[in-house]
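Numbered from 1 within each chain, the chains take letters A, B, ... in sequence-line order.
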There are 2 protein chains.
Amino acid sequence: MRQRSLRDHNLALVLRHVTAANRPPSRAEIAAASGLTRATVSTIVDELIAGGLVAELEPVSRSGVGRPGTGIVPAGTGPAGLGMEVNVDYLAVCAVDLTGAVRHRQVRHLDQREHSPAQTWQALGELADQAVAAVAARGLTPAGGVIAVPGLVEGDTIRIAPNLGWQQVALPRPEDLGGLRGLPLDVANEATLAALGERHATGLRSFLYVSGEIGIGGGIVLDGELFGGSRGWAGEIGHVTIDPQGPDCHCGSRGCLEQYAGEEAIRAAAGLPAGATVLADLAAGAARGHAPVLDALEQAGTALGVALSGAVNLLDIATVVLGGHYAELIDWLRPAIERELTRRVITARWSPVKVRASALGADAALVGAARAVTQAILDDPARFLATRTAAE
Amino acid sequence: MRQRSLRDHNLALVLRHVTAANRPPSRAEIAAASGLTRATVSTIVDELIAGGLVAELEPVSRSGVGRPGTGIVPAGTGPAGLGMEVNVDYLAVCAVDLTGAVRHRQVRHLDQREHSPAQTWQALGELADQAVAAVAARGLTPAGGVIAVPGLVEGDTIRIAPNLGWQQVALPRPEDLGGLRGLPLDVANEATLAALGERHATGLRSFLYVSGEIGIGGGIVLDGELFGGSRGWAGEIGHVTIDPQGPDCHCGSRGCLEQYAGEEAIRAAAGLPAGATVLADLAAGAARGHAPVLDALEQAGTALGVALSGAVNLLDIATVVLGGHYAELIDWLRPAIERELTRRVITARWSPVKVRASALGADAALVGAARAVTQAILDDPARFLATRTAAE
DNA sequence: CCCTATAAGTTCAATGGCTGAACAAACAAG
DNA sequence: CTTGTTTGTTCAGCCATTGAACTTATAGGG
């Protein structure tokens with residue numbers, strides 16, 4: 001039972017080298033980097049090629065003396081991960097291949113607050129159908145799907161998604177989403193998946209991801225791994241206390257970060273009207289140097305800085321990534337955030353905390369959901385190969 | 001290079017089963033629990049016995065039909081871990097065997113603030129000498145030492161230990177501590193090690209440890225593993241912000257938890273005189289129902305609850321362990337802490353956060369330091385066996 | 001007291017996977 | 001065209017695990 005697991009481990013090890021390298025590595029380079037023998041790497045690469053997970057490049061002549069190596073690349077055709085996102089006013093679907101490249105992407109505006117979950121699943125199913133068809137046309141095989149939702153997820157049910165108005169909604173069955181019949185399907189928190197997306201897009205190994213939308217979500221990546229906590233509910237930075245005596249929050253507490261740096265709070269502080277264009281209004285106002293907007297962003301940044309300082313003190317993390325609306329407002333948020341971090345993080349004087357904007361922007365959760373699927377394959381290729389051969 | 005590592009892995013797997021079981025398991029039971037074959041377990045156990053890490057019990061007749069199994073126990077004679085603690089007004093040394101049992105313990109009162117680090121090392125060396133002698137007399141072989149200090153440690157140097165008045169102090173060489181010549185020696189943060197000690201004493205797999213002494217320290221255990229953060233500085237909950245506009249803190253920030261729940265803050269709020277008996281005075285006052293003391297503890301508990309809520313929201317951890325002075329004051333701190341947790345932790349309504357007192361009390365860091373040594377052996381017995389045979 | 005059933009531990013040939021060395025293939029430089 | 005260098009493959013050997021057979025030790029029943 002453990003003899004085979006050695007091979008499984010090395011399968012993953014080699015595949016990881018192939019996907020992580022910035023240049024297609026040869027078998028010999030993989031061997032040198034991984035500590036395995038060239039012989040072992042050869043047989044493992046053969047197995048991966050047979051399974052359709054990697055492919056050989058045309059033997060291109062490279063610089064240097066000696067026989068040139070044939071580059072190994074993640075298979076462009078092969079399994080694809082489907083990412084789906086249910087948000088307040090839109091649905092989205094995308095597909096990524098093993099390299100992490102987005103091969104399909106589609107967004108459809110639909111306000112979930114006006115529809116039942118069943119209707120949402122129906123609409124999402126149509127998008128998923130089209131994605132499966134588009135992906136298949138490119139020679140890829142869908143290998144599974146993950147749905148990102150802005151709420152607390154426990155196992156296969158959505159406990160509560162306040163901004164969607166959902167409570168205790170069950171994950172749809174794969175066959176309810178049409179083309180996903182027979183494939184593994186999962187739900188997870190939007191911000192958590194966005195953090196995963198950022199992890200791959202940026203290459204950062206440890207960071208705190210904070211996303212400002214209507215609510216504030218967060219995700220924690222530690223040493224390359226998503227940290228979920230005991231029950232997968234980690235990262236809820238939106239309800240960290242900024243001021244114990246602060247304004248009441250809909251969560252039942254007082255002085256939560258969301259009351260200072262949530263979209264609604266910033267809008268109100270800036271004196272802007274409610275509506276669908278709050279983000280655009282804020283960005284425009286800030287760009288024009290409108291004082292109430294700048295002050296509102298400064299206050300939000302200060303509150304964010306206080307919350308982030310606590311998190312950094314607790315976790316000793318060197319980088320903070322701002323996503324969602326924050327990414328577009330970063331220029332006006334950053335000064336206050338960095339001021340608070342410098343002041344409040346006890347180790348900041350030796351190693352300052354870096355604050356950067358999301359690399360994926362609004363697509364982070366969507367792409368992260370899709371990558372969760374491919375990541376599972378990369379982490380345990382043997383399992384994927386087993387199910388693949390079992391299906392034939 | 002990886003063929004051997006399979007054996008190494010299984011060596012650790014079997015040893016873990018032996019130490020984790022609450023009743024000496026037989027080879028057959030280990031096999032059933034670990035998924036290995038009885039044959040494999042037999043050869044592995046033989047290797048562990050030969051290396052002196054485990055031992056067979058006398059074949060005691062147990063209930064049930066069939067040939068009774070011979071229990072396997074961690075070797076009572078064998079490697080011992082040395083834990084050392086440098087605190088403000090005392091030094092301490094202890095030794096634990098592989099079972100985690102404390103086999104030697106000695107405390108010596110010495111105020112570090114009146115002495116140089118070199119003098120501290122000298123005094124600690126004397127204690128270590130005696131510990132090594134005492135341990136050897138019991139048939140144990142010291143396998144390494146870890147020193148716990150109340151400060152920030154980076155690699156082999158103590159960056160800063162405010163309450164000791166230390167800055168940039170280097171770890172002493174093993175030969176400077178007498179009997180430790182030739183053994184691996186390490187330093188680490190006191191609260192971090194205390195968390196490790198609690199992890200083993202309580203068997204909890206994930207919790208947040210908070211220790212209230214003159215300063216406030218913390219440690220995070222996730223899924224059985226100590227979480228150190230990027231640079232080992234995780235757990236600094238003492239400087240999480242409670243109120244951004246709160247009183248100045250010596251760390252340069254404002255409104256840190258230490259300003260509300262540190263020993264000095266509680267003492268001042270309770271109207272007690274400064275001195276060496278603050279803890280005893282507080283406990284006595286609270287037991288007598290003295291109102292100013294009760295109010296001070298209530299306030300401290302509230303601040304602790306706010307800080308812990310933020311941490312729990314962020315990490316999704318189900319249990320909080322209170323150590324140091326907090327352990328003795330828990331009856332008066334708990335109501336306020338739990339009130340804030342219930343109110344501020346977003347998932348508390350479904351799964352309340354448990355608050356409990358340290359199981360090891362004041363010895364947590366000391367025992368944790370010693371266990372760090374034995375834990376390293378348990379985690380990678382092959383390495384230990386290799387150095388052991390190399391030395392012969 | 002003997003026989004049977006049951007479970008623990010050991011022995012041993014077989015298997016799976018890794019290793020190291022030898023070898024063939026592909027290329028650059030002279 | 002030869003030499004030197006590096007890549008990839010082949011193959012015998014080794015190491016660890018496996019599964020089955022076997023021995024040992026106990027309880028229970030006649």
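The side chain of Leu6(B) sits closest to dT17(D) out of dT17(D), dA26(C), dT7(D). When distances are taken from the side chain of Thr70(A) to each of dT19(C), dC27(C), dG8(D), the shortest belongs to dG8(D). Comparing dA22(C), dT11(C), dT10(D) by their nearest atom to the side chain of Ala39(B) picks out dT11(C). Of the listed nucleotides (dC27(C), dC18(C), dG19(D)), dC18(C) has the atom at the smallest distance from the side chain of Thr40(A). Closest to the Arg67(A) side chain, of the nucleotides dA16(D), dA5(C), dT7(D), is dT7(D). Comparing dT10(C), dG4(D), dT18(D) by their nearest atom to the side chain of Arg27(B) picks out dT10(C). In the set dT19(C), dA26(C), dG17(C), the nucleotide with an atom closest to the side chain of Arg7(A) is dG17(C).
A sub-4.0 Å separation between OP1 or OP2 of dG17(C) and a side-chain N or O of Asn10(A) is absent. For dA16(D), the OP1/OP2 oxygens have a side-chain nitrogen or oxygen of Arg4(B) closer than 4.0 Å. Close to dT9(D), at under 4.0 Å from its OP1 or OP2, lies a side-chain N or O of Ser42(A). Between dA7(C) and Ser26(B), no contact under 4.0 Å exists linking OP1 or OP2 to a side-chain N or O. In terms of phosphate contacts, Thr37(A) brings no side-chain nitrogen or oxygen within less than 4.0 Å of OP1 or OP2 of dC18(C).
Atom CD in Glu56(B) sits roughly 13 Å away from atom P in dA25(D) (whole-Å rounding). For Arg38(A) and dG20(C), the CZ to C1' distance is 10 Å, given to the nearest whole Å. The separation between Arg2(B) atom CZ and dC14(D) atom P is 23 Å, rounded to whole Å. If you measure from atom CD1 of Ile44(A) to atom P of dG16(C), you get 16 Å, rounded to the nearest angstrom. Remark: P of dG8(D) and CD1 of Ile49(A) are 11 Å apart, rounded to the nearest angstrom. Glu47(A) places its CD atom 12 Å from the C1' atom of dG16(C), with the value rounded to the nearest Å. Remark: P of dT10(C) and CD1 of Ile72(B) are 9 Å apart, rounded to the nearest angstrom. In this structure, CG of Leu13(B) is placed 14 Å from C1' of dA16(D), rounded to the nearest angstrom.
Summarising the geometry, atom CZ belonging to Arg4(B) is positioned 13.5 Å from atom NE2 belonging to His9(B); distances are rounded to the nearest 0.5 Å. Atom CD1 of residue Ile44(A) and atom NE2 of residue His17(A) lie 10.5 Å apart, to the nearest 0.5 angstrom.
Each of Thr43(A) and Gly66(A) was assigned the nucleotide of DNA chain D with the nearest heavy atom; the assignment lying further toward the 5' end belongs to Gly66(A).
Formation of a donor-acceptor pair under 3.5 Å by the Asp186(A) side chain with backbone atoms of Val146(A) is not found in this model. No side-chain donor-acceptor contact under 3.5 Å links Arg27(B) to the backbone of Arg38(B).
With salt bridges taken as basic N to acidic carboxylate O contacts below 4.0 Å, one links Arg105(B) and Asp363(B).
Nearest approach of Thr19(A) to Pro74(A), heavy atoms of both residues: CG2-CG, 3.8 Å.
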